[in-house]
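Just below is one structure, and these are the notes that go with it.
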Amino acid sequence: MRQVSVPLIGAAGAWREAARGLLAAGVPPGDVLWNAEGQQEAPDLFGTEVSALVPTGDITVPRSFVALANSVCFHSDPQRYARLYALLWRLRAAPHLMSNRADPDLAKLRQMEKAVHRCRHKMRAFVRFREITAPGTNRRSFAAWFEPTHYTLEMNAAFFRDRFADMNWRIVTPDVTAIYDGADVRLEPGQDPPHLPEDASEELWLTYFRSIFNPARLKVSAMTSEMPRKYWKNLPEAAAIPDMIAGAPARARAMAAAAPTLPPVRAARAQAQLAAHKSAWTDGGAGLEADIRACTRCPLHCHATQAVCGEGPEDARLMIVGEQPGDQEDLAGRPFVGPAGQLFTRLAGQAGLDREAAYLTNAVKHFKHIPRGRRRIHQRPDAGEVAHCKWWLDAEIARTQPDLILAMGATAALALTGSGARITARRGRIERGLAGRDVLLTLHPSYLLRQPNEAARARATDDFRADMAQAAGLAPMSLGGPSPKRS
Ligand code: URA
């Protein structure tokens, strides 16, 4: 029996190294005892050889497995390393195992991966810093105490570094502490809860939290699923929740008695048009791209150079939808290569999202514009044009069957959800799309370019990056080699 200990900090790298060594030495899963730091179950180690395995030779595994392992290693299940190694072992004989959705071992690991991603997201949403700046220092310092379900602080270190680059901060959890002082994030063992002073800005935050609460839309189960009770004790706003819930029926009645606000007629018309345009595209032999290029379903094709088809893996888990090709995309015949596209690619990369691993397309396939001198000025497609082009978008969705669709901007949101409600109020949220798939809403990258000043641009950029980070798990950056696809 071999015994392998995996440290809590740097767990994914350490597990990978050990697993490579074991695999190279031909050690079957049943002969390995994996010890997760801090979680040893005091097994009977009689006859056990403590291994410091040196990996030998190159072992090739699917990228999708690497991505899976990189997340599952942060799960709190003490069996996580053993489960991963058992799957890795089986992969040698069954290289297509990663695409077998019915496999129970893989399904369990996928479940764990999902739990880790959820926990990572909750940490981003619920870490609350308090200021601890010492007098006489010129850089502000903050600290937060957080109790995640899984060991996700390490996964989130880069996110917090990029988001709060202009201040010193530390996030303390029972198992790991992350410390940032302007250079790189340092990870240290966990600590007891630090002493955090009362924060004057909390009252302001509470007022804001109360003001955005809509009593008429209260669903306690959805609220507690979004903000699980176990996080409440460290959330200042949680103190206001019981009163808000108790007072909701009376406030909702008062709202109902007040004058109604009717949705704009335009929105109802757009929804009806979109609902009526379900794609009935079937392959007549030429294939989807050829049919899109030959499209004359609406007049937009008359003035564009060409239709711009989507690009990326056809089995990508993440589909990203923009508005329509711009001037440069129209000339190049590829989506997102102009200024907004380059900004998107850069920010997505910073958030850990690899555009190459996602399927990238637009709600409308032809460039709508008006000539002004020698320039072609972008025109937003109207609801009718979006509805016509939905024929193609639906066909792309049906072919790719993504786990998540990221809608960038109002036009994509309209095409995918049927709702024209303001995107700035919906961004960061996942809604159920018309195609029955989850749609994560975000800003369009050109919106960032249009911001009137530096502060507004920085805020919009932060929001955009955070939304990209939400989707990044489905199209993670890879370290060379082919990108992860659906497994
Ligand atoms: N904006 C979009 O929405 N799509 C592109 O392809 C380029 C810019």
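Ligands are counted one by one from 1 in listed order, and the atoms in each one are counted from 1 as well. One is the number of the first residue; the rest follow in order along the sequence. Every value quoted in this text rests on a predicted model; they were computed, and no experiment measured them.
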Value rounded to 0.5 Å, distance of CH2 in W232 from CD1 in I241: 4.0 Å

Considering both backbone and side-chain atoms of F336, is one of its nitrogen or oxygen atoms within less than 3.5 Å of a nitrogen or oxygen in ligand 1? yes

Atoms of ligand 1 close to P335 [distance to a heavy atom under 4.0 angstrom, numbered from 1]: 6 (O)

Should you measure from each heavy atom of G322, which atoms of ligand 1 turn up under 4.0 Å away? 3 (O)

Between E329 and R334 (salt bridge meaning N to carboxylate O under 4.0 Å), is one present in this structure? no

Please determine if D166 and R139 form a salt bridge, counting it only when a charged side-chain N lies under 4.0 Å from a carboxylate O. no

Select one of side chain, backbone, both or neither to describe which atoms of E323 lie under 4.0 Å from any atom of ligand 1, heavy atoms only. both

Counting only heavy atoms closer than 4.0 Å, does ligand 1 sit against the backbone of H444, its side chain, both, or neither? side chain

In Q324, R376, H303, the residue satisfying side chain to side chain donor-acceptor pair (under 3.5 Å) with D330 is R376

Within 45 degrees of the ring normal and closer than 6.0 Å to the centroid, is that where the cationic atom of R124 sits relative to F159? yes

For the aromatic rings, using the six-membered ring if either is Trp, is the centroid distance between F464 and Y447 under 6.0 Å? no

Considering only non-hydrogen protein atoms, determine which one is nearest to [atom] and report residue, atom name and distance to 0.1 Å.
atom	answer
atom 4 (N) of ligand 1	N362 OD1, 2.6 Å
atom 7 (C) of ligand 1	E329 OE2, 3.0 Å
atom 2 (C) of ligand 1	Q324 O, 3.0 Å

